[in-house]
**Q** 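Quick one: the structure is below, and I'll ask about it shortly.
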Amino acid sequence: MHKVWKLLLLSSCLAVGLTAGAQDDQAPGQAQANKGSGTRAELAKQPPTLQNIYGRQHVLLDGRWNYIIDPYETGFYNYRRQPFDQSPSGAGGFYDDRKPKDKDDAVEYDFDSSPTLAVPGDWNSQNAKLEFYEGTLWMRQKFVAAPKEGKRYFLYFGAVNYEAHVYLNGKKIGSHKGGFTPFQFEVTGKLLKGQNAVVVKADNTRHQDDIPTVNTDWWNYGGITRDVLLAETPDTYIEDYQIQLAKGDMGRIEGYVQLAGARRAQDVSISIAELGIKTSVRTDANGRAAVSIALSKNKVRYWSPEDPKLYTVSIAGATDKLDDRIGLRTIETRGHDILLNGKSVFLRGISLHDENPLIPGRLRGEGDMRMMLQWAKDMDCNYVRLAHYPHSEEMIKLADEMGLLVWAEVPVYWTISWEKPEVYANASQQLTDLVVRDKNRASVIIWSIGNETPVSPVRTEFMGKLADTVRSLDRTRLVGAALEVHRSGDVVTVEDPLAEKIDLASFNQYAGWYWSNNKEMLKFSFKVNYNKPVIVTEFGADALGGYHADSDTKWSEEYQDQLYKNTFKLLDAIPGLRGMTPWVLTDFRSPRRPHPYYQDYWNRKGLISETGKKKQAFYTLKSYYEQKQQQYK
Ligand code: GCB
């Protein structure tokens, strides 16, 4: 029987040039567009993710999802390790959500009696058995829908780490790789009136050729870590838009509107009632129109950390309308200066992971996010580095609202497979998805293309292409990367061909921790040979909260505190220093950190401990930032 099955599979692939599973990946809208063609690449196409998903008509499919742990992927592959969803029937996997037909039918899984996990949420923090788990988990949610004629429906995932295969009512609707960026599938015509079930196979196995690669310094939290939404749009809908100040021009909004659907040519109005603005544009046959709006500068309250003013921007066409809350600001560099709305700023920052140390686990929603950003504000920060991968859309919106500038990053971290085109394609896709999602957020001022990537010709070519990609997507923001330093005697230099390609001389350095110590570190001096703003993207020391000793004893709060004081002396001597994001706001979990007493699988460089207690260095950084704030008034 298995042989026959295999033959059938082969012949169906040959006959139509694609598998049953791949066909199921297709969106109905796309099916029409591609009628008669049918190459795998075309069929894999999905409409771009909806801009401003939270501003749409939607239901959240969050809540309790039943789950099945499947380390051998029994629910995905048959015993010959062929995927069930690629078989001619497409059936046989756990996504069938099958029940025994009668008493002589044995089914070896059962969602209904399986335990549940909260979504959004990583699985590691919700069940002790899953703390270190890396592999496949099946998750199922049931929901009731009432699809309407003439409407389109999209199943949208904020993030699933790392690879997701998604099935609706037993049929595959698509798959996605990448743990921190959103993706969606159009499900128009696939939703049932009444009860529906969505099943996700989430797999957080690490691979050398993925982004990130196998080697990182953070917890590999698996699962559906961000919201799941079912969004409804009109037949022709606003797919995307960009509404931001033009580069370096405080007197003009520049952007575009993009419609999708059958009635692509329409009059679309863009209004900002509070500023008395109402403009109309006509979209072309591709649904696109450029937007350019003149502003009277003395009327506008420009967005800044001191005054994070957001305007309600309404976009309305004949078939769809949408509101967004948008801040207006410019960001540029001139020599060593970073100019926010034309005025030099010092970036008083802190780095942070997408992790709540008190759980510990991924940030689950607004409460967790507000806690993290408020801690940064309590330290007089005006800036955060959201390391080392895209944080959630909600987090960026909160930064907009709370008045924090943002460095947003993709997980091109340490040493990845630079020479492989598919690895580049993955990195470039994640960067694109990040820019597409957050391009209307005033808080985001820097797109970071990676962290501590070792200098070599292949790497510099790879990173250079990423810099070009991000500039082609968004000219209005700065491009950064956390570079490495090189030491020769007492001189620490920043010399990297990638620095030529980005807007900042931005680098990590660990004087006093990974090299040297508190007693000796003041002998070092920094040489930064670029006429660009100098941003120190990391420095720090581990301190176990509550462990007190003298300032020469590593792991103590006193050591960390002294290292911060020493570091301020070293960094203040660098001409062109315009900001920093010490490592890191809170202790965070990392499998690389096994010391049983000091670490216990935590990176202890936090200024706030795993219990939420502020360490001494928190107050030291705060008073340093208070001085900087006075200097840059
Ligand atoms: C670094 C990395 C960061 C690590 C940190 C550390 O340079 O960029 O991800 O967690 O050092 O603590 O070693």
Side-chain angles (χ1 to χ4, degrees), residues 179-180 206 211-221 349-355 357 360 362 372 384-391 407-416 427 446 448-455 459 463 480-487 492 494 496 498 502 504-517 521 524 526 535-545 554-557 559-560 563-564 567 570-571 579-595 598-610 615 617 621:
F180 304 98
R206 288 168 298 127
I211 305 284
T213 180
V214 285
N215 202 17
T216 72
D217 187 24
W218 66 81
W219 209 264
N220 180 24
Y221 288 114
I350 190 75
S351 301
L352 55 125
H353 269 293
D354 178 3
E355 180 182 293
R362 288 260 176 261
M372 297 295 280
V384 285
R385 175 182 181 204
L386 301 182
H388 281 296
Y389 38 74
H391 289 218
W407 160 297
E409 187 160 306
V410 285
V412 176
Y413 183 91
W414 291 351
T415 302
I416 64 164
I446 299 162
S448 165
I449 56 176
N451 179 76
E452 291 183 352
T453 57
V455 179
R459 162 279 196 177
M463 297 302 283
L483 305 177
E484 292 186 315
V485 293
H486 299 94
R487 274 174 296 137
V492 185
V494 181
D496 183 333
L498 181 56
I502 58 181
L504 306 166
S506 39
F507 58 91
N508 296 349
Q509 70 80 26
Y510 278 93
W513 186 255
Y514 290 122
W515 34 280
S516 188
N517 54 42
M521 64 185 279
F524 290 105
F526 285 84
I535 303 294
V536 180
T537 35
E538 284 179 33
F539 67 85
D542 286 69
L544 178 63
K554 283 201 167 157
W555 306 107
S556 70
E557 285 200 33
Y559 190 97
Q560 185 189 46
L563 181 136
Y564 269 67
T567 304
L570 293 182
L571 301 187
M580 61 184 72
T581 43
W583 193 253
V584 57
L585 181 65
T586 66
D587 288 355
F588 63 94
R589 300 215 66 205
S590 169
R592 290 175 67 82
R593 309 292 175 177
H595 189 282
Y598 296 118
Q599 297 176 310
D600 192 21
Y601 300 102
W602 287 83
N603 183 312
R604 298 290 185 196
K605 293 190 188 70
L607 295 176
I608 297 176
S609 78
E610 77 192 80
K615 302 179 194 173
L621 182 59

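When a residue number appears, it is its place in the shown sequence, counting from 1. Counting starts at 1 for both ligands and their atoms, following the listed order.
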**Q** How far is atom 1 (C) of ligand 1 from its nearest protein heavy atom, and which residue and atom is that?
**A**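 Protein heavy atom with the smallest distance to atom 1 (C) of ligand 1: E538 OE1, 2.9 Å.
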**Q** Got a sec, which residues hit salt bridge (charged side-chain N to carboxylate O under 4.0 Å, His left out) with R604, two or more places apart in sequence or on another chain?
**A**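 Testing R604 for salt bridge (charged side-chain N to carboxylate O under 4.0 Å, His left out), a comparison that skips the adjacent residues, returns D587, E610.
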**Q** Taking 4.0 Å as the limit for heavy-atom contacts, which would you say applies to W218 with ligand 1: side chain only, backbone only, both, or neither?
**A**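 It is neither part, as no heavy atom is under 4.0 Å.
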**Q** Tell me whether the centres of the aromatic rings in H391 and H353 are closer together than 6.0 Å.
**A**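 When the ring centroids of H391 and H353 are compared, they turn out to be at least 6.0 Å apart.
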**Q** May I ask you to list the atoms of ligand 1 that are less than 4.0 angstrom from any heavy atom of H388?
**A**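 By the 4.0 Å cutoff, the relevant atoms are 3 (C), 8 (O), 9 (O).
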**Q** Heavy-atom distances under 4.0 Å decide this one: backbone, side chain, both or neither, for T216 against ligand 1?
**A**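 It is neither part, as no heavy atom is under 4.0 Å.
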**Q** Return the residue, atom name and 0.1 Å-rounded distance of the protein heavy atom closest to atom 10 (O) of ligand 1.
**A**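 Result: D217 OD2, 2.5 Å.
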**Q** Using non-hydrogen atoms of the residue, decide whether W513 is closer than 4.0 angstrom to ligand 1.
**A**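 No.
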**Q** Less than 6.0 Å separating the ring centroids of W602 and W218?
**A**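 Ring centroids of W602 and W218 are no less than 6.0 Å from each other.
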**Q** Under 4.0 Å from a heavy atom of N508: which atoms of ligand 1 are those, numbered in the order shown and with their elements?
**A**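 Near N508, the atoms of ligand 1 are 7 (O), 8 (O).
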**Q** Only heavy atoms count here, so choose which of Y514, F588, Y510, W414 is nearest to atom 13 (O) of ligand 1.
**A**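 Considering heavy atoms of Y514, F588, Y510, W414, the nearest to atom 13 (O) of ligand 1 sits in Y514.
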**Q** Nearest 0.5 Å please: distance from the CD1 atom of I416 over to the CG atom of N215.
**A**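 With rounding to 0.5 Å, CD1 (I416) is 12.5 Å from CG (N215).
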**Q** Return the CD to CD distance between E452 and E538, rounded to the nearest 0.5 Å.
**A**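 Reported value, rounded in 0.5 Å steps: 5.5 Å.
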**Q** For atom 12 (O) of ligand 1, what is the closest protein heavy atom, and at what distance to 0.1 Å?
**A**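 Ranking protein heavy atoms by distance from atom 12 (O) of ligand 1, first comes K605 NZ, 2.6 Å.
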**Q** At the 4.0 Å heavy-atom cut-off, does R593 count as touching ligand 1?
**A**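 Distance cut 4.0 Å: R593 passes for ligand 1.
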**Q** For the atom pair CG (L483) and OG1 (T537), what is the distance rounded to the nearest 0.5 Å?
**A**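 Those atoms lie 7.0 Å apart.
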**Q** So, using salt bridge (charged side-chain N to carboxylate O under 4.0 Å, His left out) as the criterion, who are the partners of E409 when residues are at least two apart?
**A**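 In terms of salt bridge (charged side-chain N to carboxylate O under 4.0 Å, His left out), with neighbours along the sequence ignored, E409 is linked to R385.
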**Q** Students should be able to answer this: which protein heavy-atom is nearest to atom 7 (O) of ligand 1, and at what distance?
**A**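 The answer is E452 OE2, 2.3 Å.
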**Q** Please identify which atoms of ligand 1 are closer than 4.0 Å to at least one heavy atom of N603.
**A**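 What qualifies from ligand 1 is 6 (C), 10 (O), 12 (O).
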**Q** In Å, rounded to the nearest 0.5 Å, how long is the span from CH2 of W583 to CZ of F588?
**A**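 Separation between the atoms: 5.0 Å.
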**Q** Which atoms from ligand 1 have a heavy atom of Y413 less than 4.0 Å away?
**A**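 Near Y413, meaning under 4.0 Å from one of its heavy atoms, ligand 1 has 2 (C), 3 (C), 4 (C), 9 (O).
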**Q** Please tell me whether N603 and R592 have a donor and an acceptor in their side chains that are separated by less than 3.5 angstrom.
**A**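 On atom types as modelled, these side chains do not qualify, holding no pair under 3.5 Å.
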**Q** Report the part of F539 (side chain from C-beta onward, or backbone N, CA, C, O) that has a heavy atom under 4.0 Å from ligand 1; answer both or neither where that applies.
**A**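 Neither; no heavy atom under 4.0 Å.
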